[in-house]
Number of protein chains: 2
Amino acid sequence: MTVPADFFKSAFTVDNVIFGFDDGDLKVLLIQRAEDPFLDYWGLPGYFVNADEGLKEAAYRVLEEMTGLTDVYLEQIKTFGKTGRHPMGRVITVAYLSLIKVDDYLLKVKNNAVAQKAEWFSISDIDDLAFDHKEILDTCLDTLRRRVQQKPVGFELLPPKFTLTELQHLYEAILDTELDKRNFRKKILSMNLLIDLDQYQENVAHRPAKLYSFDKARYQEFLSDGYSFDLSENKRKSRTLQY
Amino acid sequence: MTVPADFFKSAFTVDNVIFGFDDGDLKVLLIQRAEDPFLDYWGLPGYFVNADEGLKEAAYRVLEEMTGLTDVYLEQIKTFGKTGRHPMGRVITVAYLSLIKVDDYLLKVKNNAVAQKAEWFSISDIDDLAFDHKEILDTCLDTLRRRVQQKPVGFELLPPKFTLTELQHLYEAILDTELDKRNFRKKILSMNLLIDLDQYQENVAHRPAKLYSFDKARYQEFLSDGYSFDLSENKRKSRTLQY
DNA sequence: TCAAAAGTGTTTGGGTTACACCCATGA
DNA sequence: TCATGGGTGTAACCCAAACACTTTTGA
């Protein structure tokens, strides 16, 4: 029989799937690895969890090392633990999804020892990554798509002031569909999640759009509440059982 | 700097939250521990993951050791890794949720070395468990409540033949609400998930109810599809953005 | 004949959908 | 004045919700 001590020979890591929205496109922040294994490969930012550190704490640490950001959306998604997924031994990894505003990131980026460099990639441009990171990315992308239909987390990806069209483009990029402008606005505004700033775009070669920010207090309600922000892309009947 | 070898000193386990439905009540299968730490405490069935074993594989193994069942619903929920959660060292645990038919279990239960005995508990009767198992249980219960509104996993908990009232009671027990009989039936039947067996209850002191089984092929579609089985308990408007 | 649960339809209200034209600005 | 995106309303439909009485059986 295996004695318990035999089990204390494995390690675990956290990997962050950091999404951003820029240029009308959903992006992920990847690093080019500076060490073995998978030297020079692109992969998700992540690292071993220290002995005295919780999982989420470790994910925040990695995130801060990468971006300098501390106060961001971070959610545990899934744990990947196939045998053989890491050449150095038995390593399982806990995947976290985070959402940041690309602007903030650009101001504070710094590199660290693990990564030669970091870059944003459009999700459609990524095919192969170090370890099983592609699988992890795909899983997190699925979750993100579900998430934005349940909770208005999309706002985490936008700058503090944005237009309704930008918001709509964000949803369209994440869900990979087109949305009807009038219905989208009707719906969003009916949620009272937005604050009309009474400000307008400047220097645009067309009628300037109104700027909005979102109501953090009300946003918090939506985050904790179960809530249906059902941007259903489908014709499938989304039947609802009453009670 | 910590060298990688230093990280290979931790262990991980899987813990199963096994739900069943019996006697009109949602239950969880717990074990009374036969070894330290937490000797004699009640807790979730779980154990260390072997070096040559995947996570899900380990969860299935534990499940089979406990119940003799192999072909059951099993889903990874969340990983718990606070420092200090395990007295023997750094141990993180991956929580799995599984759904079984209590009848099947009753036929095949066997005990194992880790557990003195196993028993079903009504979820409302559980307050304290070994390790952080109460927190894990609560997390899985939340997930179950969400799951049954998204996918018709409730069927996993029922015997092969059941009545509409039993199905309704199951949903009521999981969601802790009351549902309208006519609306419930209308909705369920409109999904074409059920097969009318043209059989009836026998020896009941009232009008016997029709028996149904569920359509596994159609069920599979629903499982893979995103799908909304929105038994919304709330008055909250579940607004839906078109596309 | 009584108790206990099974079974069954209709109306109302609200949200989703589909859809087309005018407005404001900079070039 | 032209190109570009911003901004607006209405009608049809479908689904959720609310709600009460009759039927069948065993005791």
Side-chain angles (χ1 to χ4, degrees), chain A residues 23-24 149-150 161-173 175 177-194 196-212 226-243, chain B residues 23-24 149-150 161-173 175 177-192 194 196-212 227-243:
Chain A
D23 204 14
Q149 291 171 261
Q150 295 159 344
K161 300 176 181 186
F162 51 86
T163 69
L164 290 181
T165 301
E166 284 164 1
L167 183 60
Q168 180 176 343
H169 287 339
L170 169 62
Y171 276 94
E172 289 175 339
L175 298 174
T177 50
E178 295 197 350
L179 300 167
D180 179 275
K181 184 161 58 159
R182 275 178 292 193
N183 292 338
F184 182 83
R185 285 159 185 250
K186 220 182 313 173
K187 170 117 188 194
I188 294 288
L189 292 174
S190 76
M191 292 177 173
N192 289 100
L193 258 167
L194 296 187
D196 182 341
L197 293 173
D198 259 312
Q199 295 175 36
Y200 293 83
Q201 286 180 313
E202 285 170 19
N203 304 317
V204 286
H206 53 79
R207 177 172 171 180
K210 244 186 177 174
L211 295 174
Y212 291 85
Y227 151 78
S228 172
F229 191 82
D230 197 345
L231 293 125
S232 46
E233 165 207 345
N234 45 46
K235 299 299 184 198
R236 245 178 279 121
K237 355 210 159 171
S238 78
R239 304 159 188 277
T240 294
L241 265 186
Q242 90 324 331
Y243 92 116
Chain B
D23 202 16
Q149 291 171 259
Q150 296 160 344
K161 302 177 179 184
F162 51 86
T163 68
L164 291 180
T165 302
E166 283 164 359
L167 182 59
Q168 180 176 342
H169 287 338
L170 169 63
Y171 276 94
E172 289 176 336
L175 298 173
T177 50
E178 293 197 351
L179 300 167
D180 179 275
K181 185 163 57 162
R182 273 176 293 190
N183 291 338
F184 182 84
R185 283 160 185 250
K186 223 181 309 174
K187 172 115 188 196
I188 294 289
L189 292 174
S190 76
M191 291 176 174
N192 289 102
L194 296 188
D196 182 340
L197 294 174
D198 259 315
Q199 297 174 35
Y200 294 85
Q201 286 179 313
E202 286 170 18
N203 302 317
V204 286
H206 55 79
R207 177 172 173 178
K210 242 185 180 176
L211 295 174
Y212 292 85
Y227 152 78
S228 173
F229 191 82
D230 198 343
L231 293 125
S232 44
E233 166 207 346
N234 45 46
K235 298 302 183 198
R236 243 179 280 120
K237 357 205 158 174
S238 78
R239 304 159 187 276
T240 296
L241 267 184
Q242 91 324 334
Y243 91 118

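Chain identifiers are assigned alphabetically (A, B, ...) following the order of the sequence lines, protein sequences preceding nucleic acid strands; residue numbering begins at 1 within each chain. Note: hydrogens, waters and symmetry copies are ignored here, and every other heavy atom, side chains too, is used.
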With sequence neighbours excluded, tell me which residues meet salt bridge (Lys or Arg N to Asp or Glu O under 4.0 Å) with B:Asp23.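 Counting only residues at least two positions away or on another chain, B:Asp23 forms no salt bridge (Lys or Arg N to Asp or Glu O under 4.0 Å).
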Whole angstrom value for the distance that separates [atom2] of [N] from [atom1] of [X]:
X: B:Lys181; N: D:dA20; atom1: NZ; atom2: P; value: 13 Å
X: A:Tyr200; N: D:dT4; atom1: OH; atom2: C1'; value: 18 Å
X: B:Gln168; N: C:dA5; atom1: CD; atom2: P; value: 13 Å
X: A:Arg185; N: C:dC23; atom1: CZ; atom2: C1'; value: 13 Å
X: B:Phe184; N: C:dA5; atom1: CZ; atom2: P; value: 17 Å
X: A:Leu189; N: D:dG7; atom1: CG; atom2: P; value: 10 Å
X: A:Gln201; N: C:dG26; atom1: CD; atom2: P; value: 11 Å
X: B:Asp180; N: C:dA6; atom1: CG; atom2: P; value: 14 Å

With [X] via side chain to side chain contact (heavy atoms under 4.5 Å, CB included) - residues at least two apart:
X: A:Asn192; value: A:Arg218
X: A:Gln199; value: A:Lys161, A:Leu197, A:Leu211
X: A:Gln168; value: A:Glu172, A:Leu179, A:Lys181, A:Phe184

Can you tell if the side chain of A:Arg185 reaches within under 4.5 Å of the side chain of A:Ile188, non-hydrogen atoms only? no
Nearest non-hydrogen partners of [X] and [Y], listed with the distance:
X: A:Ala173; Y: A:Gly24; result: CB-O, 3.9 Å
X: A:Asp196; Y: A:Asp198; result: OD1-N, 2.8 Å
X: A:Asp180; Y: A:Arg182; result: OD1-N, 3.1 Å

Ignoring backbone atoms, establish whether A:Thr165 has a side-chain N or O less than 4.0 Å from OP1 or OP2 of D:dG5.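 So the side chain of A:Thr165 is outside the cut-off, no N or O lying under 4.0 Å from OP1 or OP2 of D:dG5.
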Phosphate-side-chain proximity, A:Arg182 and C:dA18, N/O vs OP1/OP2 below 4.0 Å: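 It does not, given that no N or O in the side chain of A:Arg182 lies less than 4.0 Å from OP1 or OP2 of C:dA18.
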Atom pair CG (B:Leu170) and CG (B:Leu175), whose distance is rounded to the nearest 0.5 Å: 8.5 Å
For nucleotides 10-13 of chain C, give me every protein contact, N/O to N/O, under 3.5 Å, one pair per line with atom names.
unit_1 : atom_1 : unit_2   : atom_2 : d
C:dT10 : O4     : B:Lys186 : NZ     : 2.8

Kindly state which residues belonging to residues 203-212 of chain B come within less than 4.0 angstrom of DNA chain D, counting heavy atoms of the residue only, listed by number.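 Contacts with DNA chain D under 4.0 Å: B:Val204, B:Ala205, B:His206, B:Arg207, B:Pro208.
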